[in-house]
Amino acid sequence: MCLAVPSKIIEINDTVAKVDVDGVIRETSIMLLDDAKIGDYVIVHAGFAISKVDEKAALTTLQDMRDIMAAEAQQVNGLNDHL
Amino acid sequence: MALKYIEEYRDATLARDLIKKIHGVSKRKLRLMEVCGTHTMSIFKHGIRSVIPEGITLLSGPGCPVCVTAQKDIDAFVEFARVKNVIVTTFGDLMKVPGSSSTLAKEKASGADVRIVYSVFDAINIAKDNIDKEVVFCAVGFETTIPTIAASILMGIEAKIDNFSIYSANKLTPPALAALMVTKGVEIDGFILPGHVSVITGTNAYRDTFEKYDVPSVISGFEPIDILKAILLLIEQNEIGKPALENAYPRAVSDQGNVKAQQIMNQVFEVCNAFWRGIGEIPLSGMGLKKEYQVFDAAIKFGMDMPEVPEPKGCACGEILMGLKTPEQCALYKKKCTPMTPVGPCMVSTEGSCAAFYRYS
Ligand code: SF4
């Protein structure tokens, strides 16, 4: 029931927004959001936008994971160098 | 190109690294439970079960709204379809769930006006277009869906619609987790907490349950990287013996959640006891209409009170929802019970554990 894919707001008329989800345009209520703006990425559930996607958090999470993996790979390499 | 953060969270190299790390840290056998139908689907779709260590068992908990709906509530939905002049509106997943004597799909085939809607909003519009009829919406959902129902009711009031009502079988997630923790025989080493329920409730909603039972808990998104990361965190917490409540989906979930949605939900609904399939009554685990909004209560409007009935004989949905059995351990699985001839809701709903096993094994 949940659309796990973020949709982009492309038009707002009062409490109804048009969103683009991978090229498909749908109408979505933004009644449950406080400050929806055109250009925001939102998560839509059963015809309602329920959350904005925090772009910064989205990228930080990925970067953090990559950093940890890289650091560990380096550690392993470092150990190998000593052997 | 509107598919943002999808490719990134499906990155194969990162996924491979995560899988390698998971295998590196995993020592003990663990039972992890996902509590969201969309997670169940995603785990199967991306083949996550086959890439994690053998000792890690993934269980599908009570996270598919249709699967936890009590038999008497399904019977009520069927009964509404039999009332003259009533249009029953429902999410598609409910159509084929067998009640004691029939299904909504069968009622529709024999002439009842049953319509599948994508959103409660559509049900309100059907009511607007059919003022000489009564429109009943079958409300099954968790925290993600309940605010949308509340918002629709407020819209209904604004549009002065009086031929619309809902039958509420809505349910709350944290009380179900707490109930599982005290159920005999249930062994869970960690919860993969539902991403979009948590969007509404926030991380804070799980704090009491977490503090009481000290069980590792991680909120997860739905892409492969999200789920692998949640699994890794749960294994790490177990291995170092430090349970924690972590939010691994911060791009959508905050500590306090969607406060506006909570306000709208709490304006219209209040906490009540609720019946869960296979589990029984869990105190304060449901959401019923507040007194001021009871004109929208279909159970009251139509005096609908179906008796408690036993679940279909041999169906192990309840035990499966609690992680006590896997679908393969149900005697009816793949024999009497298939997606074409489902016996229980776990085989009907695309998010159900039995349906997912059937489709992907
Ligand atoms: S296989 Fe069918 S009968 Fe068995 S638990 Fe699943 S839904 Fe119920």
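- Within the 4.5 angstrom heavy-atom criterion, only side-chain atoms of B:Asn258, from C-beta onward, approach chain A.
- Only the side chain of B:Asp11 comes within less than 4.5 Å of a heavy atom in chain A; its backbone stays farther off.
- Most heavy-atom pairs under 4.5 Å with chain B, from the set A:Thr61, A:Ile10, A:Asp54, A:Leu32: that is A:Leu32.
- Between the side chain of B:Thr90 and the backbone N or O of B:Gly92, no donor-acceptor pair lies under 3.5 Å.
- Electrostatic pairing of A:Asp40 and A:Lys52 counts as a salt bridge here, judged by a charged N lying under 4.0 Å from a carboxylate O.
- Taking the six-membered ring for Trp, B:His196 and B:Phe142 have ring centres at least 6.0 Å apart.
- With a 4.5 Å cut-off on non-hydrogen atoms, B:Lys229 touches chain A through its side chain but not through its backbone.
- Under a 3.5 Å cut-off, the side chain of B:Thr148 and the backbone N or O of B:Thr144 do not form any donor-acceptor pair.
- In this structure, the portions of A:Met31 lying under 4.5 Å from any heavy atom of chain B include both its backbone and its side chain.
- Judged by the 6.0 Å distance and 45° axis criteria, B:Arg251 is positioned over the aromatic ring of B:Tyr9.
- Heavy atoms from other residues, nucleotides or ligands lying under 6.0 Å from NZ of B:Lys96 number 12 at most.
- Between chain A and the residues B:Pro147, B:Gly195, B:Cys64, B:Ser349, the most heavy-atom pairs under 4.5 angstrom are made by B:Pro147.
- Your options are A:Ser51, A:Ala58, A:Ala57, A:Gly47, and the one with the most heavy-atom pairs under 4.5 Å with chain B is A:Ala58.
- In this structure, the portions of A:Leu33 lying under 4.5 Å from any heavy atom of chain B include both its backbone and its side chain.
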